[in-house]
Amino acid sequence: MEIKALQEKSKLYRRNILKYIYNAKAGHTGGSLSVIDILNVLYNRIMNVSPENFDSNLRDRYVQSKGHCVEALYVVLADKGFFPEEDLLTLCKYQSPYIGHPTKKIRGIEQNTGGLGHGLSICCGNALMAKKDKSPVRVFTILGDGEMAEGSNWEAFMFAAHYKLDNLCAILDYNKLQITAPNAEVMGLEPLDKKLEAFGWAVRQIDGNDIEALTQTLESLPFEQGKPSFVIAHTTKGKGISYMENVLKWHHGVPTAEQYEMALTELN
Amino acid sequence: MTKYTFTEKKDTRSGFGAGMTELGRTNPNVVTLCADLVGSLKIDTFIKENPERFIQCGIAEANMIGVAAGLTIGGKIPFATTFANFGSGRVYDQIRQSVAYSDKNVKIAVSHAGLTLGEDGATHQILEDLAMMRAMPNMTVINPCDFNQTKAATIAAANWKGPIYLRFGRPVVPVFTAPDQKFEIGKAWMVNEGKDVTIVATGHLVWEAIQAAEILEAQGISAEILNIHTIKPLDEKAILKSVRKTRCVVSCEEHQANGGLGDAVAQTLAKNFLAPQEYIAVENSFGESGTPAQLMEKYGLSAKNIVEKSLKVIQRKQ
């Protein structure tokens, strides 16, 4: 998909994220809006994965480590045709399979996630398997900045570099806010690029809400032969809705009717 | 009673190693992971013969469980190996979310379970793992009784679809089961038929139960012994059939009394057929250093204790 079309997709996806969170009266609004451009570029430009090839071992793999922003993933998967979009009207409701964190019950989802610090290890296993099988499969994950404090991630950073998993790409949705406060207050990550480079990863920093930057960066994978790739994607929590941007309460906030209308107007 | 003898003692972890060696030769999908305990898990031969199917994970167990889950996407059958302590409590959340809840075909194969790892003491002597793993949906829990049975269980685990916690130990214990036995997951093994008391045992306590039954027989008491190598799913039918006959039961495990085999049996009885039960298990305590024999004695897990509990539970029959 071309840049212009991708940019239009992001607008559509933001509208849909708000629509289904508003309908569900639940969800992770701020993080879904920060991560959506990354998911958009992955699914519509970078990864070889679709409803048609999902049962093939040759599909590229995506595991969402920051599982709480599942609304963004559901919206993209619905648009790709994995399931009817109107299913999302049941999001987070009793007896709906579309629960509040990724589940394999939904076609298109590889792995159940939710508890933080799990996704990268799974991707390491998957990427290693692809290497051993000499398969062209590539493996992607998106991490949240809060979950970078989980020790298991740093075990996985060591593992991926040790096994030279250059078919693995981890992307950090670095929106700088976690549930309690800014990362810098809760558990500072910086200097993150230096830490990851010291752990043996090839690192790039970009504006993670810039479709063009995302496209260019992800099209140049792997950044270095023999090293796993890490994208520090600087994003804005609540991106696209003025009153949500960088406001902590929208981590888990649900818009009122009035706020919802205001958001749609801004997106149009 | 049925006569059981043994000609040698071997460690159950070597039974696991022998099972892995065979799987290495027969099942190309089997891969092994280890958190820096290759020698302790006895997987050297598997690694030597299949170096490309071994993944050293370093002392990073949380990541190892996740990597194992990732390896299943595409069809590998990973055996993630370490000590029982580090393959259960340390990584409970990884097993819960990435393996059991995600229903991944991961085998968690753990050695040095219980008190009998001996000298290293309480930090390494996990006595809560069966309770944790039993409580977890989708998890199958296996604790075989000797070298041959552990080998057979290992091979059966590879052929079973779904997560398995396979538990074995460090010390040498009598080898008394058949070398090429059929291992049926979830099916209790009738070790000895009797009529006065049912002894259900798991792991190497099955041998202690046999010793106890011989002592009881000399006193004119006929003990029925069931080897519960699969703690979950529990063979409730076999247990109930036996207890309906004997009307009392002694459960035996190298584990805390809370949450293990004994509680699984008690739950079955409470729901189906009330009968007095005595526990051979560790009572709300951590372990300590000592030889396996010393620790079995101190914590009440030996044949002598099974005899005492059997006599007691028979007294309690209505």
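Order of the sequence lines fixes the chain letters, A, B, ..., with proteins taken first and strands second; residue numbering starts at 1 for each chain.
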Result block: side-chain N/O donor-acceptor pairs under 3.5 angstrom for residues 12-21 of chain B, not counting sequence neighbours:
| unit_1 | atom_1 | unit_2 | atom_2 | d |
| --- | --- | --- | --- | --- |
| B:T12 | OG1 | B:G169 | N | 2.7 |
| B:T12 | OG1 | B:G169 | O | 3.3 |
| B:R13 | NE | B:D11 | OD2 | 3.1 |
| B:R13 | NE | B:R170 | O | 3.4 |
| B:R13 | NH1 | B:S40 | O | 3.2 |
| B:S14 | OG | B:D11 | OD1 | 2.6 |
| B:S14 | OG | B:D11 | OD2 | 3.1 |
| B:T21 | OG1 | B:G17 | O | 2.9 |

Write down the atom of B:S98, the atom of A:I122, and the distance for their closest heavy-atom approach.
-> OG-CD1, 3.2 Å
Between B:E52 and A:K132, is there a donor-acceptor pair closer than 3.5 Å when you use the side chain of the first and the backbone of the second?
-> no
Side-chain (A:N112) to main-chain (B:Y101) donor-acceptor, under 3.5 angstrom | yes
Rounded distance [0.5 Å steps], OG in A:S152 versus CD1 in B:I65 | 12.0 Å
When you look at NZ of A:K80, are more than 12 heavy atoms from neighbouring residues, nucleotides or ligands closer to it than 6.0 Å?
-> yes
Kindly compute the distance separating CD (A:E110) from OG (B:S102), expressed to the nearest 0.5 Å.
-> 11.0 Å
Top residue by heavy-atom pair count (under 4.5 Å) with chain A, among B:R96, B:K104, B:M64, B:R53?
-> B:K104
Would you say A:K93 has more than 12 foreign heavy atoms packed within less than 6.0 Å of its NZ?
-> yes
Does a sphere of radius 6.0 Å around CZ in A:F54 hold more than 12 heavy atoms from other residues, nucleotides or ligands, not counting ones at 6.0 Å or beyond?
-> yes
Starting at CD of B:E61, measure out to CD of A:E155 and round the result to the nearest 0.5 Å.
-> 7.0 Å
Of the non-hydrogen atoms in B:D103 and A:K104, which two are nearest, and what is the gap between them?
-> O-NZ, 4.2 Å
When rounded to the nearest 0.5 angstrom, what is the spacing between CD1 in B:I55 and CE in A:M129?
-> 10.0 Å
Nearest 0.5 Å please: distance from the CD atom of B:Q56 over to the CZ atom of A:F159.
-> 9.5 Å
Closest non-hydrogen atoms of A:G125 and B:L71, given as atom of the first, atom of the second and distance, are O-CD2, 3.3 Å
Distance (rounded to the nearest 0.5 Å) between B:D93 CG and A:E150 CD | 8.0 Å
Any pair with a residue in residues 94-122 of chain A that passes ring-ring contact (aromatic ring centres under 6.0 Å, His included), sequence neighbours left out, goes on the list, sorted by first then second residue, please.
-> A:Y74-A:Y98, A:F83-A:Y98
Over 12 foreign heavy atoms within 6.0 Å of CE, B:M132 | yes
Salt bridge A:D133-B:K76, side-chain N to carboxylate O under 4.0 Å | yes
Checking heavy atoms, do the side chain of A:T113, its backbone, both or neither come under 4.5 Å from chain B?
-> both
Is a side-chain donor-acceptor pair under 3.5 Å present for B:N63 with A:S121?
-> yes
